[in-house]
Student: 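Before I ask anything, here is the structure I am working with.
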Amino acid sequence: MQRAIALVDCNNFYVSCERLFQPGLEGRPVVVLSNNDGCVVSRSQEVKDLGVKMAVPWFRMRDLARQHNIVALSSNYSLYADISNRVMSLLSRFSPGQEVYSIDESFLELTGIAVDHTGYARQMRLTVMQHVGIPVCVGIASSKTLSKLANHVAKKNPRYAGVCDFNGMTEAELNGLLARIDVGEVWGVGRRSADRLRDRDIRSALDLKRAAAKHIRSGFSVVFERIVAELNGVSCLELDQVAPAKQQIICSRSFGTPTSRLADLEQAVIAYTTRAAEKLRQQRSLCGGIQAYIRTNPHREQDAQHQSSMLMPLPEPSDDTRLLCRAALHGLRSIYRTGHAYQKAGIMLTGIIPAAARPQTLFDDVPSREKSEALMRTLDRINRSMGSGTIRLLGEGTGKPWAMRRQNVSNRYTTEWDELAVCKAHP
DNA sequence: TCTGGGGTCCTAGGACCC
DNA sequence: TCTGGGGTCCTAGGACCC
């Protein structure tokens, strides 16, 4: 039986989320900006039609924005995450095998589901639209890589009406489509590799499909060998149905305004470590070390540049916020240099293991460990029910002069009592 | 004035061991 | 004169994804 994998992808996801609660944005050019209102990360169709590319710095398109009255919104991840959960849970009804691949994409196993797949996919679109109001497109094929391309075709080509099933096509039809897709659009082929492939006269998805495996293996890597197999309909990438535990947890952020004060960096590092430790405990893991990282703004070449990081191993794996903060601060203080305008700081938890696999040591101090665990549990419970940050370390500070810019952020319409969407009755 | 954040995987090279 | 080979582990860095 032929393998059938669907990729369901939300259209202009963040913009679509914003439009749910601000219907006035419908039909208008809208962008959502990254943290710090830095870059464009989601564009409405109207903005795409103006030729605005993904990840363009916002300050570079100010003129265009004025000219065309583009609405720019700060990103509101609480809202997007909640809408995403609703979409994913609806989609899970369509197959016992689901991989939630990203905030706006999901793979669904359709192999063995004995219905007309195109009709089934139309039903998915309709269901998500009716229940949540988010438009989606569906691509279906015999491997993940092909289903990504099928989705691409469904999105770009109005005549497919949002659903494209490669499995229902003849080889010639499919190749005809692949020949018109740039090799850079293939999943896993980035800008660097696309350039190198073009040097070898591999320009389209079809060219890559037909490339000799040996040739690809030696010139690139096993990853590319797999891509070629997947393009030929040989499924090499399985669906990850349970999200595996993270092997590293990163929390880093650019500052709203650069700072050269160690005290500011310390506050930021404590805040980031606190967040990361919460995530670590959520997935019931411990980490073996923590890395602190600072850097100046690399785009300001006229400024003195400094970037550095230091990994602090822990004496034994831990998930205690206080311990992790202490280690991170130690690292920060050893890399910090006076007189630099730092633009970004971050931390990374590494050497992550399941909490259940905690190694026993000769000098295990069980009572103090149990106290630490109880304290962290209580902390998490209070912050979960009373709002995040209700209880935190004093070192995190209260002023946060370094906090990021979010000039035009919408309400958290679905997750905060104070910001719930209200239906206004018409007179 | 203003350029995101959070992840994964692979490779190369060094250290170390027998 | 002549100085092995193979395995493992770790780290840094590159490339990619959304």
Side-chain angles (χ1 to χ4, degrees), chain A residues 7 9-14 31-43 53-63 65 72 74-77 80-81 84 99-107 144-145 148 151-152 183-197 217-227 236-237 240 243-258 268 272 275-276 279-280 283 288-289 291 293 295-303 307-311 313 341 343-352 404-407:
Chain A
L7 176 70
D9 190 324
C10 302
N11 303 349
N12 320 328
F13 183 55
Y14 298 166
V31 295
V32 172
L33 304 176
S34 64
N35 279 335
N36 256 323
D37 295 343
C39 300
V40 171
V41 290
S42 183
R43 306 156 292 162
K53 299 281 178 231
M54 189 68 168
V56 175
W58 170 236
F59 75 89
R60 281 231 180 105
M61 53 172 291
R62 280 276 164 83
D63 285 342
S74 306
S75 40
N76 181 349
Y77 286 102
Y80 311 150
S84 170
E99 173 185 343
V100 176
Y101 176 66
S102 73
I103 195 162
D104 70 337
E105 283 172 78
S106 174
F107 288 105
K144 281 175 143 182
T145 305
K148 289 280 270 190
N151 192 288
H152 172 83
V183 72
E185 296 287 345
V186 176
W187 191 34
V189 179
R191 209 165 42 89
R192 296 290 169 111
S193 309
D195 287 344
R196 290 176 54 212
L197 285 167
R217 173 74 195 255
S218 60
F220 296 85
S221 71
V222 290
V223 182
F224 271 72
E225 208 177 5
R226 228 158 26 212
I227 292 173
C236 307
L237 304 168
D240 280 324
K246 304 257 180 288
Q247 299 175 47
Q248 52 190 28
I249 294 173
I250 298 170
C251 190
S252 73
R253 218 136 280 163
S254 300
F255 303 134
T257 42
Y272 303 158
R275 285 270 19 238
K279 286 193 202 167
L280 184 70
Q283 69 163 29
Q291 183 175 358
Y293 166 85
R295 68 143 215 241
T296 51
N297 185 347
H299 298 288
R300 291 184 57 90
E301 287 167 11
Q302 66 274 33
D303 287 2
Q307 82 163 36
S308 188
S309 71
M310 179 175 275
L311 173 64
Q343 183 237 5
K344 184 174 181 177
I347 63 98
M348 177 162 83
L349 307 183
T350 60
I352 291 178
M404 66 184 186
R405 276 190 303 275
R406 293 172 97 190
Q407 289 197 331

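Proteins come first, then strands; the chains are lettered A, B, ... in the order of their sequence lines, and each starts at number 1.
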Student: Give a yes or no answer on whether the side chain of A:Ser42 reaches the backbone of A:Val31 with a donor-acceptor pair at less than 3.5 Å.
Tutor: no
Student: Indicate, with a heavy-atom threshold strictly under 4.0 Å, whether A:Gln248 touches base, sugar-phosphate, or nothing.
Tutor: base
Student: What integer distance in Å separates A:Trp187:CH2 from B:dC9:P?
Tutor: 12 Å
Student: In whole angstrom, give the distance that lies between atom CG of A:Asn35 and atom P of B:dC2.
Tutor: 17 Å
Student: Between atom CD1 in A:Ile250 and atom C1' in C:dC17, what is the gap in whole Å?
Tutor: 13 Å
Student: Given atom CG of A:Asp9 and atom P of C:dC18, what is their separation to the nearest angstrom?
Tutor: 8 Å
Student: Report yes if a side-chain nitrogen or oxygen of A:Lys148 is closer than 4.0 Å to either non-bridging phosphate oxygen (OP1 or OP2) of C:dC17; otherwise report no.
Tutor: no
Student: Heavy atoms under 4.0 Å, any strand shown: does A:Val32 hit a base, just sugar-phosphate, or nothing?
Tutor: nothing
Student: Rounded to whole angstrom units, what separation is found between the CZ atom of A:Arg192 and the C1' atom of C:dG13?
Tutor: 12 Å
Student: Quick one: does A:Ser84's side chain have a donor or acceptor within less than 3.5 Å of a partner on A:Ile103's backbone?
Tutor: yes
Student: Could you tell me whether A:Leu311 contacts a base, only the sugar-phosphate backbone, or nothing, with contacts defined as non-hydrogen atoms closer than 4.0 Å?
Tutor: nothing
Student: Name the residue closer to the 5' end of DNA chain B, choosing between A:Cys251 and A:Arg226 according to the nucleotide with the nearest heavy atom.
Tutor: A:Cys251
Student: Base, sugar-phosphate, or nothing: which does A:Asp37 touch, judged by heavy atoms less than 4.0 Å apart?
Tutor: nothing
Student: For C:dC16, does OP1 or OP2 lie under 4.0 Å from any side-chain N or O of A:Ser193?
Tutor: yes
Student: Reckon A:Ser221 has a side-chain N or O less than 4.0 Å from the OP1 or OP2 of C:dA15?
Tutor: no
Student: Measuring to OP1 and OP2 of B:dC2, would you say a side-chain N or O of A:Gln343 lies under 4.0 angstrom away?
Tutor: no
Student: Describe the nucleic acid contact of A:Arg60 in one word from base, sugar-phosphate, nothing, applying a heavy-atom distance below 4.0 Å.
Tutor: base
Student: Name the nucleic acid region contacted by A:Trp58, choosing base, sugar-phosphate or nothing; use a 4.0 angstrom heavy-atom cut-off, strictly under.
Tutor: nothing
Student: What nucleotide among B:dG6, B:dG4, B:dT3 has an atom nearest to a side-chain atom of A:Ser252?
Tutor: B:dG6
Student: A:Asn151 side chain to A:Leu7 main-chain N or O, any donor-acceptor pair under 3.5 Å?
Tutor: yes
Student: Would you say a side-chain N or O of A:Arg300 is under 4.0 Å from OP1 or OP2 of B:dT3?
Tutor: no
Student: How long is the line joining CZ of A:Arg405 and C1' of B:dC2, in whole Å?
Tutor: 6 Å
Student: Nearest to the side chain of A:His299 - B:dT8, B:dT3, C:dC16?
Tutor: B:dT3
Student: Rounded to whole Å, please give me the gap between NZ in A:Lys144 and P in B:dC9.
Tutor: 11 Å
Student: Which part of the nucleic acid, if any, lies within reach of A:Ser75 when heavy atoms closer than 4.0 Å are counted: base, sugar-phosphate only, or nothing?
Tutor: nothing
Student: When you get a sec, tell me which of B:dG4, B:dT1, B:dT11 is the closest nucleotide to the side chain of A:Val222?
Tutor: B:dT11
Student: Heavy atoms only: give me the nearest A:Gly188-A:Phe224 pair and the separation to one decimal.
Tutor: O-CZ, 3.9 Å
Student: With nearest nucleotide decided by heavy atoms, which residue, A:Ala55 or A:Phe220, maps closer to the 5′ end of DNA chain B?
Tutor: A:Ala55
Student: On a whole-Å scale, what distance lies between the P atoms belonging to C:dC17 and B:dT3?
Tutor: 24 Å
Student: Would you classify A:Val189 as touching base, sugar-phosphate or nothing, given that sugar-phosphate means primed atoms plus P, OP1 and OP2, and contacts are heavy atoms under 4.0 Å?
Tutor: sugar-phosphate
Student: Just to be sure I understand the rule, does A:Arg406 reach a base, reach only the sugar-phosphate, or reach nothing, if contact means heavy atoms closer than 4.0 Å?
Tutor: nothing
Student: Ignoring hydrogens and angles, tell me if any N or O in the side chain of A:Gln283 forms a donor-acceptor pair with the backbone of A:Lys246 under 3.5 Å.
Tutor: yes
Student: Taking any strand in view, what nucleotide pairs with C:dC9 in a Watson-Crick or G-U wobble way, both distances under 3.5 Å?
Tutor: B:dG14
Student: Hey, does the side chain of A:Arg295 reach the backbone of A:Gln343 with a donor-acceptor pair shorter than 3.5 angstrom?
Tutor: no
Student: Could you check which of B:dT8, B:dC2, B:dC10 has an atom nearest any side-chain atom of A:Lys246?
Tutor: B:dT8
Student: Rounded off to whole Å, could you give me the NZ-to-C1' distance for the A:Lys344 and B:dG4 pair?
Tutor: 7 Å
Student: Hey, is the main chain of A:Cys39 close enough, under 3.5 Å, to the side chain of A:Ser34 for a donor-acceptor pair?
Tutor: yes
